[in-house]
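Below: one structure, written as structure tokens.
Each ligand, and each atom within it, is numbered from 1 in the order the structure gives.
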Amino acid sequence: MQKQRDSFSSKFGIIAAAAGSAIGLGNIWKFPYIAGENGGSAFIIIYLIFIVLIGVPVMMSEFIIGRKAKQNVFGAFRQLTSHGFWKIIGIMGVLAAFLILSFYGTVASWTIEYLVLAFKDGFSGKSSDELTFMFESFSQSTFKPIVWQVLFMALTAYIVIGGIKKGIEKYTKILMPLLVVIIIYLDITAITLKGGMGGIRFLFYPDFSVLTHQSIIDALGHAFFTLSLGMGVLITYGSYFKKDTNITSTSISVAGADTIIALLAGLAIFPVVFAFGAEPGKGAGLVFMTLPKIFELIPGGYIFSILFFLLLSVAALTSSISILEVIVAYISEEKNISRKKATIITAILITLTGIVCTLSFGPLNHIQLRGFTIFDIFDKLASNILLPLGGMFISIFIGWKLKKQIITDELGNYGTLRFKFLKVFMFLVRYLAPIAILIVLVQGIWQIIMEMIIAG
Ligand code: PHE
């Protein structure tokens, strides 16, 4: 039984939605921070190599699977192969979506709180200690983060209920250009700050001596997370592509946009940090504890702070809708439930697990597995294990399992496009991607075991 499937309506809509998924919290706070910590541009060069050699081919693989099967991540593998093993990608994808959206909602709730604080001019006159206290007491409290989390999930669900054309595409087409405008404004303000050059040097001056083999592993892991690879987001989005969508150029545009935004985020943050002599390597704290101190010191800081947290909220929202869509497509198609019902049920369930994540900073902080809170466990399980594992299976599926004819047909749009790089593409998905991912995966799992041993 084939129902009429929704689809994206335009090329720009596809790029906005897919880039909207890719560009998220991973780009705006995580990338600048880990790049800085790993020797700036030396790390960036390696990260770029991974994006090009592994990220883009795996992204193309997801799009091929999605558009060929025109199904949710679970149904896609059932459609393309009779072998039951591959369903595991679907199962892992749905599970990863659940976990990631739960902790994404927690960080989004902080972001919304800080957007409100920025509006209320709530950072001015606060000392660094006060700002640290402010963040800690907010993130550890019970009521307010949950209110924001519920609001964020409701907004996510509202967009997803609208469907592809009238929901996801419609809103990402507005939100993504808004994000670009905001980030450019922030960049201009940051770069023209006196003393800001130090930040630019920090981010772009290559210092290969700081690079360790851990940096290389981090670079590959982050390439996966930032491009939303390995859990079927792009299989699901690919299933809404039209016949004439160019899979190769779309993948390059999305990966390019994601990289540019990550670099622009670094350019907006580090000159500001350096101009005021703040500590650059603070991770999550950089955005919520260090930056607010600086906002009041820069010209136009009030507007800057509002726009910054608006940027972060928008980036989080366009990613969270893509994650919710993976599960909604799965439930509505596989279980024959209406889209609206499927979205509401899923959003409620994820809000509940998300609340548990949020409370793991406060009242539930005592529930720990060898030093890891529930939030940490969700994050590590999804990002360090499920995503790379999914990515590895996806590239093996394309490289070794799917009929070559299907791959050439999808990449060449059934004879209407010329795809010149088939040999290179096949080499990357057959050998390079699975082997590189396997190394990262083993290392990631090893690290978790070691951390557990140390903590335990
Ligand atoms: N790519 C998003 C980010 O950088 C996170 C994400 C991961 C979204 C996996 C969807 C799937 O924040």
Any donor-acceptor pair under 3.5 Å linking the side-chain atoms of [Y] with those of [X]?
{"X": "Asn365", "Y": "Gln140", "result": "no"}
{"X": "Asn246", "Y": "Thr250", "result": "no"}
{"X": "Thr351", "Y": "Gln149", "result": "no"}

Hey, which atoms in ligand 1 end up nearer than 4.0 Å to a heavy atom of [X]?
{"X": "Ala22", "value": "1 (N), 2 (C), 3 (C), 4 (O)"}
{"X": "Leu25", "value": "12 (O)"}
{"X": "Met231", "value": "9 (C), 11 (C)"}
{"X": "Thr226", "value": "1 (N), 4 (O)"}
{"X": "Gly26", "value": "3 (C), 4 (O), 12 (O)"}

Below 6.0 angstrom between ring centroids: does that apply to [X] and [Y]?
{"X": "Phe361", "Y": "Trp110", "result": "yes"}
{"X": "Phe288", "Y": "Phe138", "result": "no"}
{"X": "Phe378", "Y": "Phe98", "result": "no"}

Quick check: does [X] get an N/O under 3.5 Å from an N/O on ligand 1?
{"X": "Ser228", "answer": "yes"}
{"X": "Leu387", "answer": "no"}
{"X": "Asn27", "answer": "yes"}

Exercise. To the nearest 0.1 Å, how far is atom 7 (C) of ligand 1 from its closest protein heavy atom, and which atom is that?
Worked result: Phe225 O, 3.5 Å
For this session: Between Tyr104 and ligand 1, find which residue part has any heavy-atom pair under 4.0 Å and reply side chain, backbone, both or neither.
Result: side chain
Problem set entry | Trace of the side-chain hydrogen bond (donor to acceptor under 3.5 Å, both in side chains) decision for Tyr330 with Gln71 | CA-CA 8 Å; Tyr330 161 65; Gln71 301 239 8; over 6 Å; no
